Amino acid sequence: LAVELVTNPTIVVLDEVTSGLDSSNALRVLQVLQGIAAGGATVICSIHQPNSQMFENIDSVVLMKQGHTVYNGSREDLPQYFANRNFEVPRSYNTPDWIMEVCDQFKTYDEMEMHGFRYDSCIQSRKGLAPHAFDDDVEKKTRHGLGAGRQICLLTKRGISNLRRDHTLIVLRYTIVVVGGVLAAIAFAGVGQEAFTNRVGPIFFTLLSTTVTVQVVLLEFIEECPVIVREMSDGYYSIFSYCVTRGIFDIFNTGTQTLIFLLIIYWSLELQGRFIIIYAVLFSYANICSAIGLALGGAMPDPRNAKELIPMVILPQILFCGFFVPLDSIPTWLASWVPYLMPLTYVFRLAINEEFKSCLDHETLEDKYKDYLCRTYLEHQAAGGDRNAFYWGMVVAWVVVFRIMSGVFLQRKVNK
């Protein structure tokens with residue numbers, strides 16, 4: 001019932017909504033429905049044997065026997081209607097119990113009709129019953145009845161509640177981040193003070209560690225996909241609201257995890273680049289990976305099969321970003337365009353430029369050979385200089401592109 005009411009519908013049809021509830025909770029449900037009706041919605045509810053308190057929350061009553069209408073009118077007029085037919089409600093009786101006993105006294109509706117229980121003439125037209133229930137625009141009114149802001153707010157609250165309930169998973173996830181950071185800090189301790197050639201590997205490893213976000217997000221999407229597709233198909237919230245909320249949680253998760261990881265390794269590795277810039281690079285690539293995971297899950301008819309595509313997405317980035325295979329070793333017809341389709345290319349160039357930019361700051365160098373290798377490497381990687389603004393723009397563009405793709409793929413699932 002609560003899920004159905006999220007969309008703020010104009011019509012609510014309920015079948016035995018109090019069945020299985022004790023009298024206290026049944027009364028609370030009726031009071032909630034009374035409040036919804038007071039707000040302008042039409043609430044139609046079938047109910048059996050309501051007590052006197054529950055009965056007081058009902059505005060209009062339709063009493064039926066064998067598919068025929070025995071009474072259709074206001075609750076206040078019901079006792080008098082039976083009294084006019086010589087079935088006055090005794091003082092010691094609850095009104096609903098009494099009218100049910102009266103109906104049970106007659107085996108058929110025809111017998112009741114002979115005693116004056118014929119109310120067909122008072123059946124209202126459908127417009128009289130629910131003036132706004134049969135408008136042509138009813139679907140537009142009921143679907144996404146809440147605004148986007150309210151939908152995002154409710155989805156965010158639900159997400160926070162899920163995080164609190166699943167705190168074991170959260171603790172495990174952050175424990176893995178801490179353990180991974182500690183291991184990296186131990187393995188690469190002090191590498192920032194070593195020769196240029198010894199520092200490129202740890203930088204690349206740090207970037208590569210964020211690719212696990214693809215699998216994490218994809219596994220989460222596999223679990224929640226059936227629920228969100230059903231809810232969006234029923235109009236509980238829009239694709240836009242879900243994507244925005246999902247983006248908020250992905251930003252929070254990737255932001256905190258990359259921050260913890262970098263806080264552990266930055267001073268241990270004695271990195272030379274500015275902390276905030278390196279963090280921005282890691283955070284950006286983690287968000288790209290989370291968007292890729294969401295897009296993969298949405299692209300496949302069965303999201304579980306998307307796990308098989310992860311290597312196909314990650315391996316080309318590793319091969320063509322310029323770390324393992326120098327760009328000048330790649331055939332020209334590939335090198336001219338393939339690296340630019342790999343998000344890892346841009347973040348790798350931004351990272352090495354920040355870490356090794358001192359190579360470009362001096363015209364004369366004491367250690368000419370060391371800085372010559374550094375400057376040559378940056379030039380071969382097309383890192384630094386005026387290109388940084390373009391690279392940052394491409395990083396943002398990749399996040400946006402994959403987020404839009406995930407929304408389009410998810411809309412396709414909903415339409416099906």
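As the structure is a computational prediction, the values presented were derived from the model and not from experiment.
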Asker: Regarding Asn162 and Arg165, is there a side-chain donor-to-acceptor distance under 3.5 Å anywhere?
Answerer: yes
Asker: I need the Phe275 CZ to Leu271 CG distance, nearest 0.5 Å.
Answerer: 10.0 Å
Asker: Taking the side chain as C-beta and beyond, is there a heavy-atom pair between Arg199 and Gln272 under 4.5 Å?
Answerer: yes
Asker: Below 4.5 Å, heavy atoms only, C-beta onward: do Phe82 and Leu63 meet side chain to side chain?
Answerer: yes
Asker: Check the surroundings of atom CZ in Arg304: do more than 12 heavy atoms from other residues, nucleotides or ligands lie under 6.0 Å from it?
Answerer: no
Asker: Could you walk me through whether Leu350 and Asn388 pass side chain to side chain contact (heavy atoms under 4.5 Å, CB included), step by step?
Answerer: CA-CA 7 Å; Leu350 288 169; Asn388 279 357; 3.8 Å; yes
Asker: Please tell me if the side chains of Asn57 and Leu33 come closer than 4.5 Å, counting only heavy atoms from C-beta onward.
Answerer: no
Asker: Working to the nearest 0.5 angstrom, can you tell me the gap between Phe221 CZ and Leu410 CG?
Answerer: 5.0 Å
Asker: Is there side-chain contact between Lys307 and Ile222, with at least one heavy-atom pair below 4.5 Å?
Answerer: yes
Asker: Is it true that, when you exclude Gln34 itself, more than 12 heavy atoms of the residues, nucleotides or ligands shown sit nearer than 6.0 Å to its CD?
Answerer: yes
Asker: What pair of heavy atoms forms the shortest contact from Cys225 to Pro303, and how long is it?
Answerer: SG-CG, 3.7 Å
Asker: Hey, does Trp333 have a side-chain heavy atom less than 4.5 Å from the side chain of Val338?
Answerer: no
Asker: Where do Ile352 and Tyr377 land on the side chain to side chain contact (heavy atoms under 4.5 Å, CB included) test, with the steps shown first?
Answerer: CA-CA 10 Å; Ile352 60 175; Tyr377 184 78; 4.0 Å; yes
Asker: Which pair of heavy atoms, one from Val395 and one from Tyr346, lies closest together, and at what distance?
Answerer: CG2-CB, 4.0 Å
Asker: For Ala351 and Ile203, work out which heavy atoms get closest and say how close.
Answerer: CB-CG2, 3.9 Å
Asker: I would like to know whether Leu163 and Phe249 meet side chain to side chain contact (heavy atoms under 4.5 Å, CB included); could you show each step before the answer?
Answerer: CA-CA 10 Å; Leu163 290 177; Phe249 279 94; 3.8 Å; yes
Asker: If I take atom CE from residue Met394 and atom CZ from residue Arg349, how far apart are they, to the nearest 0.5 angstrom?
Answerer: 11.0 Å
Asker: For the residue pair Thr213 and Thr210, confirm or rule out a side-chain donor-acceptor distance under 3.5 Å.
Answerer: no
Asker: Enumerate the side chain to side chain donor-acceptor pair (under 3.5 Å) contacts for residues 172-186, please, sequence neighbours excluded, ordered by first and then second residue.
Answerer: Arg173-Glu220, Tyr174-Thr256
Asker: What are the two closest non-hydrogen atoms of Phe402 and Ala295, and how far apart are they?
Answerer: O-CB, 3.9 Å
Asker: To the closest 0.5 Å, what do you measure between OH (Tyr242) and CD1 (Ile228)?
Answerer: 3.5 Å
Asker: Taking the side chain as every heavy atom from C-beta outward, state whether Phe348 and Val281 have any pair of such atoms under 4.5 Å apart.
Answerer: no
Asker: What's the verdict on side chain to side chain contact (heavy atoms under 4.5 Å, CB included) for Phe261 and Thr206, showing C-alpha distance, side-chain angles and the deciding distance?
Answerer: CA-CA 9 Å; Phe261 185 79; Thr206 303; 3.9 Å; yes
Asker: How far does CD1 of Ile318 sit from OG1 of Thr345, to the nearest 0.5 angstrom?
Answerer: 11.5 Å
Asker: Would you say Arg150 has more than 12 foreign heavy atoms packed within less than 6.0 Å of its CZ?
Answerer: no
Asker: Tell me, which pairs form a side chain to side chain donor-acceptor pair (under 3.5 Å) where one or both residues lie in residues 274-292, sequence neighbours left out?
Answerer: Thr254-Asn287, Arg274-Glu354, Tyr285-Gln317, Ser290-Arg403
Asker: Do any N or O atoms from the side chain of Tyr266 and from the backbone of Gly273 form a donor-acceptor pair under 3.5 angstrom?
Answerer: yes
Asker: Distance check, rounded to the nearest 0.5 Å: Cys289 atom SG versus Leu218 atom CG?
Answerer: 12.5 Å
Asker: Answer yes or no: are there more than 12 heavy-atom neighbours, outside Phe240 itself, under 6.0 Å from its atom CZ?
Answerer: no
Asker: Is a side-chain N or O of Lys413 found less than 3.5 angstrom from the main chain of Pro226, in a donor-acceptor match?
Answerer: no
Asker: Considering only heavy atoms from C-beta outward, does the side chain of Val347 approach that of Tyr391 to under 4.5 Å?
Answerer: no
Asker: Suppose we screen for salt bridge (Lys or Arg N to Asp or Glu O under 4.0 Å). Which residues come up paired with Glu56, at least two apart in sequence or across chains?
Answerer: Arg75
Asker: Judged by atom type as modelled, is there a donor-acceptor pair below 3.5 Å linking the side chain of Ser241 to the main-chain atoms of Ile152?
Answerer: no
Asker: Could you verify whether a donor N or O on one side chain and an acceptor N or O on the other, from Asn25 and Asp22, lie under 3.5 Å apart?
Answerer: yes
Asker: Minimum heavy-atom separation for Asp59 to Glu76, with atom names?
Answerer: O-OE1, 4.4 Å
Asker: Which of these passes side chain to side chain contact (heavy atoms under 4.5 Å, CB included) with Ile264: Leu183, Val182, Val179, Val177?
Answerer: Val182
Asker: What is the ring orientation for Tyr81 with Tyr71, classed by angle as parallel under 30°, tilted 30 to 60°, or perpendicular over 60°?
Answerer: tilted
Asker: Going by heavy atoms in the side chains, are Phe356 and Gln381 under 4.5 Å from each other?
Answerer: no
Asker: Please name the pair of heavy atoms, one in Ala185 and one in Leu269, separated by the smallest distance, quoted to 0.1 Å.
Answerer: CA-CD1, 3.9 Å
